[in-house]
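Okay, so here's the structure we're looking at.
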6 protein chains.
Amino acid sequence: MRPSGRTASQIRPLSFTRQFTAHAEGSVLVEFGNTKVICTASVVEGVPRFLKGKGQGWITAEYGMLPRATHSRNDREAARGKQGGRTMEIQRLIGRALRTAVDLSLLGENTITLDCDVIQADGGTRTASITGACVALVDAFSYMQAKGLLKTNPLKFMVAAVSVGMYQGNAVADLDYAEDSAAETDMNVVMTETGKIIEIQGTAEEAPFSFDEMQQMLALGSAAISDIVKAQKQALGQE
Amino acid sequence: MRPSGRTASQIRPLSFTRQFTAHAEGSVLVEFGNTKVICTASVVEGVPRFLKGKGQGWITAEYGMLPRATHSRNDREAARGKQGGRTMEIQRLIGRALRTAVDLSLLGENTITLDCDVIQADGGTRTASITGACVALVDAFSYMQAKGLLKTNPLKFMVAAVSVGMYQGNAVADLDYAEDSAAETDMNVVMTETGKIIEIQGTAEEAPFSFDEMQQMLALGSAAISDIVKAQKQALGQE
Amino acid sequence: MRPSGRTASQIRPLSFTRQFTAHAEGSVLVEFGNTKVICTASVVEGVPRFLKGKGQGWITAEYGMLPRATHSRNDREAARGKQGGRTMEIQRLIGRALRTAVDLSLLGENTITLDCDVIQADGGTRTASITGACVALVDAFSYMQAKGLLKTNPLKFMVAAVSVGMYQGNAVADLDYAEDSAAETDMNVVMTETGKIIEIQGTAEEAPFSFDEMQQMLALGSAAISDIVKAQKQALGQE
Amino acid sequence: MRPSGRTASQIRPLSFTRQFTAHAEGSVLVEFGNTKVICTASVVEGVPRFLKGKGQGWITAEYGMLPRATHSRNDREAARGKQGGRTMEIQRLIGRALRTAVDLSLLGENTITLDCDVIQADGGTRTASITGACVALVDAFSYMQAKGLLKTNPLKFMVAAVSVGMYQGNAVADLDYAEDSAAETDMNVVMTETGKIIEIQGTAEEAPFSFDEMQQMLALGSAAISDIVKAQKQALGQE
Amino acid sequence: MRPSGRTASQIRPLSFTRQFTAHAEGSVLVEFGNTKVICTASVVEGVPRFLKGKGQGWITAEYGMLPRATHSRNDREAARGKQGGRTMEIQRLIGRALRTAVDLSLLGENTITLDCDVIQADGGTRTASITGACVALVDAFSYMQAKGLLKTNPLKFMVAAVSVGMYQGNAVADLDYAEDSAAETDMNVVMTETGKIIEIQGTAEEAPFSFDEMQQMLALGSAAISDIVKAQKQALGQE
Amino acid sequence: MRPSGRTASQIRPLSFTRQFTAHAEGSVLVEFGNTKVICTASVVEGVPRFLKGKGQGWITAEYGMLPRATHSRNDREAARGKQGGRTMEIQRLIGRALRTAVDLSLLGENTITLDCDVIQADGGTRTASITGACVALVDAFSYMQAKGLLKTNPLKFMVAAVSVGMYQGNAVADLDYAEDSAAETDMNVVMTETGKIIEIQGTAEEAPFSFDEMQQMLALGSAAISDIVKAQKQALGQE
C-alpha cells in the first residue's frame with residue numbers, strides 16, 4: 001500500500017499551466033501532485049564562447065528551489081554564495097536531457113536558458129523540471145518561428161521524465177516525498193516520446209538492487225512516461 | 001495621462017492569496033497588478049549569535065527574483081556566487097520594516113525569516129514584498145499562537161508599503177514599470193496602519209525634487225497605504 | 001541636552017583637507033567632528049560595458065572602513081571575501097547622489113571612481129562621504145579641464161549631505177555616534193547647493209515617526225546643508 | 001574494431017599499487033590502462049554536524065584532477081575558487097557508492113574521507129576512482145582494526161565500477177578517451193562483488209538508446225565488474 | 001646618483017604619529033618619505049581555535065591598500081572578493097615578524113591584530129608596516145599593562161624593517177618607488193633592535209646577484225635599521 | 001646528530017622521473033627523499049592581458065598539495081573555495097624564480113604554466129618544486145624547439161633550490177619534516193647553476209639569527225645547490 005493510496009503504476013495528477021508568467025518566451029507551471037515547478041525558456045541571442053562561429057545554438061538549464069519550498073527552510077543558495085552539489089547535478093541533467101531533444105544546428109547562434117524553480121517540493125522535482133521545461137521549450141520554439149527567428153522547428157522529439165523506485169519491496173512510479181525518503185532504490189528515467197532512453201540514473205539508497213528489480217522499475221517508468229507525454233501534448237493542444 | 005490609464009492616486013488591483021504554498025507557516029502570493037511576489041514566513045527555533053541568551057526573537061528577510069521575472073533574463077544570483085547590491089539593499093529594507101512592527105521581546109528565542117521571491121516584476125517589487133510579507137507574518141504568528149509557541153501576539157501594528165513618484169511633472173501612486181523607468185523621482189514609503197512613517201526613501205532619478213513635490217508624493221503615499229492596509233485586513237478576514 | 005552639548009541645529013566642526021594624498025586627481029580628508037573619511041576621485045579612461053559607444057561618462061563610488069575605525073574591530077571585508085549589505089547600500093547611495101550632480105554627456109567616455117574610506121568613525125560616515133566626495137570630484141574636474149580632457153565643467157551643482165534624527169523627542173542635526181545609537185529615528189538627507197532634494201532616507205529605528213517630526217527633521221537638514229555647502233565652497237576657494 | 005584493438009568485453013590492464021603514498025591510512029594508485037588515480041582513505045575522529053551523537057560514522061569523498069592530467073590544461077579549481085559541476089557530481093557519486101558498502105553503525109563516530117586525485121586521464125576516471133577507493137577503504141579498515149579503533153570490519157561487500165557504452169553501434173566495456181569522446185551512449189555501472197547494482201547512470205550522448213542496447217551494456221558491465229573485483233581481491237591478497 | 005638625491009645609505013625622513021586614530025589600543029601613522037601607512041593594534045579577548053586552552057596569546061596581521069594609494073587606481077580587494085597573493089604574502093610576513101618579538105606565553109589568551117593600511121604608497125610599504133606596527137604594538141602593551149590585563153611586558157625586543165637593493169650597480173637603502181621599480185635586486189630585511197635577523201627576503205628582479213652584493217645590501221640594511229630603531233624609540237619617548 | 005643520520009651538508013637522495021605523466025610538454029616527478037612532487041610544464045599559446053602585443057612570453061606557476069600528502073589531512077583548497085596564503089606565497093616564488101631563468105623575449109607570445117603538485121610531503125616542498133619545475137621547463141623548451149615553436153632555447157641558466165636551517169645550533173642542509181618543524185631558523189635558497197642568488201628567504205622560526213649563522217647556512221645552501229644542479233643535468237642527459 002502506497003502512502004498516497006495510489007496503485008504501483010499510478011502517477012500523480014499532472015497539470016501544465018502555460019503562460020504562467022508574462023515575460024519569458026516559454027513559461028510553464030508544472031505540477032506533479034504537490035510538486036510545483038515554474039519552468040521558463042528564455043531566448044537570448046548569441047552562444048557561449050566555446051561555440052562561437054560554429055553556426056549552431058545552445059540549450060542550457062538552471063535549477064533552484066525557493067528556500068521554503070520544503071518542509072523545513074533551506075538556506076538560499078544566493079546568500080550562501082554558491083550552488084550546492086545537488087543543484088549542479090540536477091541542472092546539468094536538465095540541460096543534457098533537453099539538448100538531446102534539439103537539433104542545435106537548426107537553432108542558429110541562439111541560446112535558450114531553461115530556468116526551473118521549485119516553488120513547492122513533494123518529491124520528483126528534477127523529473128518534473130525536465131517534463132515542464134520541455135513544454136516551455138516547445139512554446140519558445142513556436143515564439144521563435146512566429147518571429148521569424150527560426151525557419152524550421154529544431155525539436156527532434158518530446159522529452160519527459162519520471163522517478164521510479166523500490167518501496168517496501170515493490171516497484172512504484174512517481175514517488176512523492178513520503179515514499180522517496182523511505183525508498184530502497186530511487187531511479188530517474190528520462191525518455192523520448194517514442195520510448196527511447198535519454199538518461200537513466202538509478203541509486204541504491206538503502207540496499208543494492210537486482211537486475212530483475214531494475215527491469216520492473218524500467219517497465220513502470222516507460223509506461224508512466226507514455227502517460228506524461230500524452231499530458232504534455234494535450235497541454236500543447238497537439239492531441 | 002498615466003500609461004495604465006489610472007488616476008494619479010489610483011493603485012493597481014491588489015490581491016493576496018494566503019496558503020499559496022504548503023510548507024511555510026505563512027505563505028502569501030501578493031499581486032500589485034502584474035507584479036507578483038511569493039512571500040513566506042518561516043519560523044525557526046533559535047536566534048542569531050548576537051542575540052543568544054537575551055530572551056528575545058528576531059525577524060529577518062531575504063529577497064530574490066526568478067531570473068526571468070523581468071523583461072530580459074537576469075543572471076541567477078546563486079550561479080553568480082553573490083547577491084547584488086540591489087538585492088542586499090532591498091532585503092535589508094524588508095527586514096528593518098517588519099522588525100519595527102514586532103515586539104521582539106514577546107517572540108521568545110525564535111527567528112522568523114521572511115522570503116520574498118518575485119516571480120513576475122512590473123515595478124514596485126520591494127513595496128509589494130513588504131506588504132505581502134506582513135500578511136505572511138500575521139499568519140505565522142497565528143500558527144505560533146495556535147501551537148502554543150506564543151502567549152501573546154507580538155505584532156504591534158500592520159505595515160504596508162507603496163511607491164510614489166513624479167512622472168511627467170505629476171505625483172502618482174504605485175508606479176508600474178513603464179512609469180518607474182521614466183519617472184523623475186521615485187519614493188518608497190513604508191507606513192503603519194495608523195499612518196506613521198516607518199521608512200521613507202526618495203531618490204532623484206532624473207532631477208532633484210523640491211519640498212513641495214515631496215509633500216505631494218507623501219500625501220499620495222499615505223492615502224494609498226490606507227487602501228492597502230484595508231486590503232491586507234480584508235485578506236486576513238479582519239474586516 | 002545633546003551629549004556633545006551642541007544645540008539642536010548645530011553641526012560638528014567641519015574641515016576639508018584637499019590634496020590629502022598625492023596620487024589621486026582629487027583627494028580630500030573630510031572631518032565632521034571625529035568622523036574622518038578619505039575621499040579620492042580617480043579618473044580612468046573608458047566606461048563600463050553597458051555604456052560603451054554611447055558617448056557619455058560614468059561616476060561610481062566605493063566605500064570602506066578600516067577595520068579599527070570603530071570602537072571595536074570589525075572584520076576586514078577583503079579578508080571575509082565580500083562586501084556586506086551595509087557597505088553595498090552606502091556605496092550605491094554615494095554613487096547615485098554624485099551622478100545626479102553631473103552632466104554625464106559632458107564627461108566624455110571617462111569614468112570617475114569615488115573611493116570613500118573611513119579612517120575614524122563617529123556617526124554620519126555616509127553623509128560625510130558624499131560631502132567629501134563632492135569636493136574631490138570638483139578637484140578632479142579641475143584637473144581634467146587643466147589637462148584638456150574636458151571642454152566644459154560637467155558639474156551641475158554642488159552636493160552635500162547630513163544626517164538628522166529624533167533624539168529624546170527632539171529633532172537634531174548631524175548626529176554623532178552617541179546620539180545615533182540611541183536615536184528614535186535617523187534620516188539622511190542629500191541636497192543640492194540650491195536646496196533641492198537628491199535623496200532622503202528616513203528610518204524608524206525605535207518607533208515610527210509622524211509627518212510633523214519628518215518636517216522638523218527636514219527643516220534642520222536643509223539648514224545644515226546650507227552651512228555645509230558654504231564650507232565646501234570655502235575649502236575650494238570659491239567663496 | 002576498437003581504437004585500442006580490444007575486444008568488446010575486454011577491459012584495460014588493471015593495476016593497484018597499495019601504500020602508494022606514506023601518510024594515509026589507505027593509499028592506492030589505481031590504473032585502468034592510462035588512467036591513473038591516487039585514492040587515499042583518511043581516518044578522522046568525529047562526524048559531520050548532522051550525525052553528531054547518533055553513534056554512527058560517515059564516509060565522504062572528494063575528487064580532483066591535476067590541471068595537466070588531460071590533453072590540454074584545465075584551470076585549477078582551487079585557483080578558480082570553486083569546484084565545477086562535473087567535479088561535484090563525481091565526488092557525490094563516489095561517496096554515495098562507498099557508503100552503500102559500509103555498515104556505518106559499526107564505524108563509531110569516525111569519518112573516512114576518500115580523496116581521488118587523477119594524475120593522468122584517459123577515460124573512466126570516476127569508475128577508476130570508485131574502484132581504487134574501495135581498496136584504499138579496505139586498507140583503512142584494516143588499519144583501524146589493527147589499532148583497536150574498530151571491533152568488527154564494517155565493510156558489507158566490495159564495490160567496483162566500470163564504464164560501458166555504445167561505440168559505432170556496438171556495446172563495449174571500459175571505454176578509453178578515444179572511444180568515450182565518440183560514443184553514442186555512456187553508462188557508468190557500480191556494482192557489489194555479488195553482482196547487485198549500486199548505481200547506474202546512462203546518458204545518451206549522441207542519440208537516445210533502446211532497452212535492448214541498455215541490456216547489452218549492462219551485461220558487459222556486469223562481466224567486467226566481476227573481473228575487476230577479482231583484481232581488487234588479488235591486490236588485497238584475498239585470493 | 002639616486003633619483004631622490006640621497007646617499008646610498010641614507011633613509012628617507014621618518015615619522016611616527018602616535019594616537020593617529022582614536023579607537024585602537026595602538027594607532028600609529030608611519031611615514032617613510034611619501035609612503036604613509038596607518039598601523040593599528042587591536043586587543044581582542046580570546047585566541048584562534050588552534051590555540052584555545054594553551055594559556056598563550058596570539059599576534060596576527062592584516063594588510064591593505066586604499067585603492068588610490070598608488071599612481072593608478074587598483075581594484076578594491078573587498079569588491080573583487082578576495083585578497084591577492086601579494087597582500088597575503090605581506091600580511092603573513094608582518095604577523096610572523098612581530099610574533100617573533102613577543103613572548104606569547106606572557107600575553108594571556110588575548111589576540112592582537114595589527115592592521116596596516118597604506119594610504120599613500122611610494123615604495124617600501126611592507127617594511128614601513130612592520131616598523132609602524134611595532135610602535136603600535138608597544139602602545140597596545142602599555143594600554144594592557146595600564147588596564148591590568150598584563151602583568152609583564154611581553155615584548156622581547158623592538159623590531160624594525162627596511163628595504164635595500166641594487167640600483168644601477170650600487171647597493172642602496174630604503175628604496176622609493178622610482179628606484180624600486182628599476183632595481184636589479186630588492187631585499188627586505190627585518191631585524192631586532194640588537195641587530196639580529198628576523199627575516200630576510202632577497203629577490204633578483206632583473207638579474208641574479210652575487211654573495212658579495214648580498215653582503216653590501218645586508219650591511220646597509222643593518223645600519224639603516226639601527227637608525228630606524230632609534231626613531232621608533234624616540235617616538236615612544238624611550239630615548 | 002640529525003634525525004635522519006645525515007651529515008650537516010648531506011642532502012637527501014634525489015631523483016627525477018621525466019615523462020612521469022603522458023600529456024604535459026614537460027612532466028617530472030621530483031623526489032627529495034620522501035618529498036614527492038609532480039611538476040608539469042604546459043605550453044599554451046598566448047599571454048596574459050598585460051603582455052598582449054609586447055612580443056614576449058610568460059612563465060607562471062601554480063602549487064597544490066593533495067589533501068593527504070601530509071601527516072594529517074588538510075582541507076582541499078578547491079573545496080574551501082580559495083587558495084591559502086601559504087599556497088599563494090609558494091606559487092609566486094616558483095613563478096618568479098623560473099622567470100628569472102628565461103629570456104622571455106625569445107619565447108614568443110606563449111605562456112608556460114608550471115604546475116607543482118605535492119603528492120607526498122616531508123619538508124622542502126617549495127624548493128623541490130622549483131628544482132623539478134626547472135627540469136620540466138627544459139623538456140618543454142625541447143618540445144617547442146622540436147615542433148619549431150622556438151628558434152632559440154630561451155633558457156639562460158638552470159635553477160635549483162634547497163632549504164637550509166639552524167637545527168639544534170648547527171647549520172644543516174635540506175631539512176626534512178622532522179628537522180623543519182623543530183628548526184630555529186629556516187632559509188630557502190634559490191640559485192643559478194653558476195652559483196648566483198635568485199632568491200633567498202630566511203625566517204627566524206624560534207629565535208632571531210646572527211650574520212654569522214646566515215653565512216653558515218648560505219655556504220651549505222650553495223654547496224647543496226651545486227650537487228642538485230649536477231643531478232638535474234644528469235637526469236636531462238646533459239652530463
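Naming: A, B, ... by sequence-line order, numbering from 1 per chain. Every heavy atom of this structure was used, including side-chain atoms; hydrogens, water molecules and symmetry mates were not.
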Review point. Is it true that a side-chain atom of D:Q120 and a backbone atom of F:A22 form a donor plus acceptor pair closer than 3.5 Å?
Key: yes
By residue number, those in residues 129-164 of chain F with heavy atoms under 4.5 Å from heavy atoms of chain D are none
The interface call for F:D115 against chain D, heavy-atom contacts under 4.5 Å, is both
Looking only at F:N34, F:T113, F:D122, most heavy-atom pairs under 4.5 Å shared with chain D are made by F:T113
Taken in chain and number order and not counting sequence neighbours, the residues that satisfy side chain to side chain contact (heavy atoms under 4.5 Å, CB included) with D:A183 are D:L175
Ranked by heavy-atom pairs below 4.5 Å to chain F, first place among D:K82, D:E62, D:M88 goes to D:E62
*D:E45 CD: over 12 foreign heavy atoms closer than 6.0 Å*: no
### Query
Can you check whether F:R76 reaches D:E77 side chain to side chain, under 4.5 Å on heavy atoms?
no
Residue set satisfying side chain to side chain contact (heavy atoms under 4.5 Å, CB included) with F:P48, at least two apart, ordered chain then number -> F:F50, F:L51, F:W58, F:T111
If you tally heavy-atom pairs under 4.5 Å between each of F:T87, F:I119, F:V44 and chain D, the highest tally belongs to F:I119
Whatever's closer than 4.5 Å to a heavy atom in chain D on F:I38 counts as side chain
Residues of residues 66-74 of chain F with a heavy atom under 4.5 Å from any heavy atom of chain D, in residue-number order, are F:L66, F:P67, F:R68, F:A69, F:T70, F:H71, F:R73
Applying a strict 4.5 Å limit to non-hydrogen atoms, the region of F:T21 in contact with chain D is both
One option among D:K36, D:Q83, D:R80 has the most heavy-atom pairs under 4.5 Å with chain F, and it is D:Q83
Honestly, the part of D:S42 sitting under 4.5 Å from a heavy atom of chain F is both
